[in-house]
Structure formats: structure tokens, C-alpha cells
Student: 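Have a look at the structure that comes next, please.
Start at 1 and go down the list; that is how both ligands and their atoms are numbered. Predicted model only: the values in this text are computed from it and were never measured.
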Amino acid sequence: MELSTSYMGLALRNPLVASASPLSRTADGVRRLADAGVGAVVLYSLFEEQLRRQAAQDARLADAGTESFAESLSYFPSVAEQEGGPRPYLSLLERAAAAVDVPVIASLNGVTPGGWVDYARAMQDAGAAAIELNIYYLPGDAHISGRDVEQRHIDVLARVKDAVTVPVAVKLSPYFSSTGEVAVRLDEAGADALVLFNRFLQPDIDPEALAVVSGVGLSNAAEARLPRTWIALLRGRVRASLAATTGVEEPADVARYLLAGADVVMTASALLRHGPEHAAVLLDGLSGWMARKGFAAVDQVRGMLSVPLGTDEAEHERAGYVGAMREANSSAYGPW
Ligand SMILES: Cc1cc2nc3c(=O)[nH]c(=O)nc-3n(C[C@H](O)[C@H](O)[C@H](O)COP(=O)(O)O)c2cc1C
């Protein structure tokens, strides 16, 4: 079975990618993912906030040095060695890239086009095959316009593209008035891939404790319908590669995303739930399904059920909605 594929110019042995998660917090974790067969690994994210904090600390240390004595910097325990800081991240990246023979993609998570994005260059130098830029932005300020939010995405991407020569993927949210137009603008601004979609980890309210609680919940397969709809709509309409993320639990979910038009299919929750070795189950299942259906290569599968070019996309979506409602009304919920 020919599973090899290309993702934003990177040659992958198959289209299954381990998306950013705590499983890639150690070089050993990355090795386990590669041993289980994934085509590439995205490291967990380094946050803009961490980079800003590091830069502020470095500046303070530098000031202390010039005020007292020149070699003082070498006496300070390096804040860089703190858990979770940028330098340990680069060290992990270097070790992980050397330990596995699949591309290791570094992840930067932020929302403002500041100097921190130049860190992408250090990631490239440490061995990142590509950068995944996670623009995780919740515009809580009710005065920020939609256009400003969109422009922020373009500006951050432009800064990162300027800083590196490796491909840059943008992981974005589905919450735009016109998600398709944002995807096209990012494509035109040079995104090498679009990762659909960010899964927001919103806080909840515990009515017993009368408290706001945070928490990271794992996804379920039904959540894949929204990204799948957008992948089917964007297939053939953008130059950027399309990566699907959310709700891949079993091999059929990988097949669904490929049929919709994904270049690669990412998974995190299922690997956290069942262990990294679940990647082998997904890949074996994909090969089995392809053999049963008479496919010899993923290229034959990809986009088979995407929205055909030349379709009126809005009408297509509306027709799907109306059809579904008619079906629902004529069955369990009475006539339309
Ligand atoms: C525990 C956990 C940690 C995650 N950490 C990151 C992260 O650091 N950066 C990132 O871009 N996405 C992160 N994600 C999101 C995943 O990469 C993925 O996009 C999302 O969980 C949807 O895919 P899934 O349904 O396969 O889990 C995390 C998800 C989980 C569950």
C-alpha cells in the first residue's frame, strides 16, 4: 500500500501526524511516536508569553551586568534552564530531530506580531523541519473588529515567514464570519499549510463549587465534522496544504478526512487516550480499508468527496442543511 505523501513540501512516509500534545514533551516521547509509525511529529507549543518573559529576564540580567561588572552574566544561573522555557525547548527539538527519521515540526503559539516571532528562526536552526504557528486568539474585548482579528493573523504569519526559510503552517480557529476568506488570505500571505482547527480549551463553571474551572478535555469523533466540512470546501481552492486536526479516534476517521481532502491527518486525543502505539492501529486500519476499497495509494483517496470545484459553495452548504432538516423532520420529528 502506498501511503507516502507530501505535506507543505515535506516528504512523509504516511499522512498520519502526531499533533502538538504532551506526548512530545521529551525526546523519548517523540521517539515512541515515530516508532509507532507516524509520518511526522509536531512538538508541543512554545508560547509567546514564555518568550516575552525570557526576553525580559535576559534584558534584566544584561542591565545588571553593565551596571556592575562585565562578566556577571556568566555567574547567573541561567533562567533559560527553567522548566518550559525557550532554551529547553530548543534543546528538546535538537535531540528529537536527531533521534527520529521523520520530520519534527516546532510549534509557536501566540497572537501578536512582536519580536518573539523571530524565535522561529532559532527553531529552524535547532532542526525544525517546519514551523506550526498556532494563533490561539480569543478576542474577549468586544470592541475589536473582525477585520482586526483577521489582520492580526496575517501580520503574525508575515513576521514568521520573514524569519525562516522552512515551511510555515498556520493552525487557526473556525470562529470567523467568513472562515473561507481568512483561509484564502492566509494562503495568499504565504502559509504553506492550514491546520484546521484549533480546539479552544474554554473554562467551565462548577455549580457545586461555585467556581470557574479550567481543564483540558479530550475530543470525541463528532467534533471532526466542522473541520471536515471546511477541508472539503477548501480542497483545490488554496495552494497551501490542508491538515486536519480534531476527532480522529479510529481508522475510519482518518479515511473520512482524506476523502474530504486533507493532505495529512493529525491526532492527539486518541494517542493520549490509548498511548502513542495507537498510531500503528490507525495506520494498519487505514491500509486495511484502502485494500478493501481497492485503493493502492492515498493520492487516489484524497479529496474524492470534497466539494467539487465550480460548485456554488454557499448554495451547496445550504442544500446540505436543508436536506438534513428535511430528513430529520420526515423521520423522528414528523413531516417537514
Ligand atoms: C492535553 C493537550 C495538550 C495540547 N497541547 C497543544 C499545544 O501545545 N499546542 C497546540 O497547538 N495544540 C495543542 N493541543 C491541541 C492538539 O494538538 C489538537 O489540535 C487538538 O487536541 C485536536 O485534535 P484531537 O481531537 O486529535 O485531540 C493539545 C491538546 C491536548 C488534548
Student: Looking only at protein heavy atoms, which one is nearest to atom 28 (C) of ligand 1, and how far off is it?
Tutor: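 Minimum-distance protein heavy atom for atom 28 (C) of ligand 1 reads A20 O, 3.4 Å.
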
Student: Return a table of donor-acceptor pairs under 3.5 angstrom between the side chains of residues 283-294 and protein atoms on other chains or two or more places apart.
Tutor:
residue, atom, partner, partner atom, Å
S287, OG, L283, O, 3.3

Student: Once ring-ring contact (aromatic ring centres under 6.0 Å, His included) is applied, do any residues pair with H316, and if so which ones, sequence neighbours excluded?
Tutor: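 If we apply the ring-ring contact (aromatic ring centres under 6.0 Å, His included) test to H316, skipping adjacent residues, there are no hits.
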
Student: Measure N134 to ligand 1 on non-hydrogen atoms and call it side chain, backbone, both or neither using the 4.0 Å cut-off.
Tutor: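 Side chain only.
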
Student: Do we see a donor-acceptor contact under 3.5 Å between the side chains of R52 and T112?
Tutor: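 Looking only at side-chain atoms, T112 and R52 do form a donor-acceptor pair, the distance falling under 3.5 Å.
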
Student: Note the single closest protein heavy atom to atom 3 (C) of ligand 1, along with its residue, its atom name and the distance in Å.
Tutor: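 Atom 3 (C) of ligand 1 sits closest to the protein heavy atom P22 CD, 3.5 Å.
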
Student: Is there a nitrogen or oxygen of A268 sitting under 3.5 Å from a nitrogen or oxygen of ligand 1?
Tutor: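 N/O-N/O distance below 3.5 Å exists for this pair.
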
Student: Got a donor-acceptor contact below 3.5 angstrom from the E132 side chain to the V42 backbone?
Tutor: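 Between the backbone of V42 and the side chain of E132 there is no qualifying donor-acceptor contact (under 3.5 Å).
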
Student: Indicate whether the side chain of S91 and that of R95 have a donor and an acceptor atom separated by less than 3.5 Å.
Tutor: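 Yes - a donor-acceptor pair under 3.5 Å links their side chains.
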
Student: Using a 4.0 Å heavy-atom cut-off, say whether L272 meets ligand 1 through its side chain, its backbone, both or neither.
Tutor: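 Under 4.0 Å from ligand 1, L272 contributes side-chain atoms alone.
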
Student: Looking only at protein heavy atoms, which one is nearest to atom 12 (N) of ligand 1, and what is the separation?
Tutor: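 I find the closest protein heavy atom is K171 NZ, 3.0 Å.
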
Student: Return the residue, atom name and 0.1 Å-rounded distance of the protein heavy atom closest to atom 23 (O) of ligand 1.
Tutor: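 Heavy-atom neighbour on the protein nearest atom 23 (O) of ligand 1: T245 OG1, 3.2 Å.
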
Student: Looking at atom 7 (C) of ligand 1, what's its closest protein heavy atom, distance included?
Tutor: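 Looking at atom 7 (C) of ligand 1, the protein heavy atom closest to it is S45 OG, 3.5 Å.
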
Student: Any idea which protein heavy atom is nearest atom 1 (C) of ligand 1, and the distance to it?
Tutor: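 Protein heavy atom with the smallest distance to atom 1 (C) of ligand 1: V216 CG1, 3.4 Å.
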
Student: Would you check whether N109 reaches within less than 4.0 Å of ligand 1, judged by its heavy atoms?
Tutor: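 In this structure, N109 fails to qualify as a contact of ligand 1 - no heavy atom is under 4.0 Å.
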
Student: Specify side chain, backbone, both or neither for L218, according to which of its non-hydrogen atoms lie closer than 4.0 Å to ligand 1.
Tutor: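 For L218, only side-chain atoms sit under 4.0 Å from ligand 1.
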
Student: Would F47 and Y136 count as a ring-ring contact (aromatic ring centres under 6.0 Å, His included) if you check the C-alpha gap in whole Å, the side-chain angles of each, and the deciding distance to 0.1 Å?
Tutor: CA-CA 10 Å; F47 287 77; Y136 191 111; 7.9 Å; no

Student: Are side-chain heavy atoms of L133 and K171 found at a separation under 4.5 Å?
Tutor: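 Not touching, per the 4.5 Å side-chain cut-off.
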
Student: For ligand 1, which atoms, with element, lie under 4.0 Å from some heavy atom of S19?
Tutor: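 Within the 4.0 Å cut-off of S19, ligand 1 contributes 16 (C), 17 (O), 18 (C).
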
Student: Is ligand 1 under 4.0 Å from a heavy atom in the side chain of E223, in the backbone, in both, or in neither?
Tutor: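 E223 to ligand 1: no contact under 4.0 Å from either part.
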
Student: In the protein, which heavy atom is nearest to atom 27 (O) of ligand 1, and how far is it?
Tutor: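 Heavy-atom neighbour on the protein nearest atom 27 (O) of ligand 1: S269 OG, 2.5 Å.
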
Student: Less than 3.5 Å apart, any donor N or O on the side chain of E181 or T179 sitting next to an acceptor on the other?
Tutor: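 Result is no, nothing qualifies.
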
Student: Using distance alone, decide if ligand 1 has a nitrogen or oxygen within less than 3.5 Å of any nitrogen or oxygen in S219.
Tutor: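 By distance alone, the answer is yes.
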
Student: Say whether T5 and R302, considering side chains only, have a donor N or O and an acceptor N or O under 3.5 Å apart.
Tutor: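 Indeed, the side chains of T5 and R302 share at least one donor-acceptor pair under 3.5 Å.
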
Student: Got a second to check how far L226's CG is from F197's CZ, nearest 0.5 Å?
Tutor: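 Reported to 0.5 Å precision, the distance equals 5.5 Å.
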
Student: Does the residue G247 have a heavy-atom contact with ligand 1, meaning some pair of atoms that are separated by less than 4.0 Å?
Tutor: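 Under 4.0 Å: yes for G247.
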
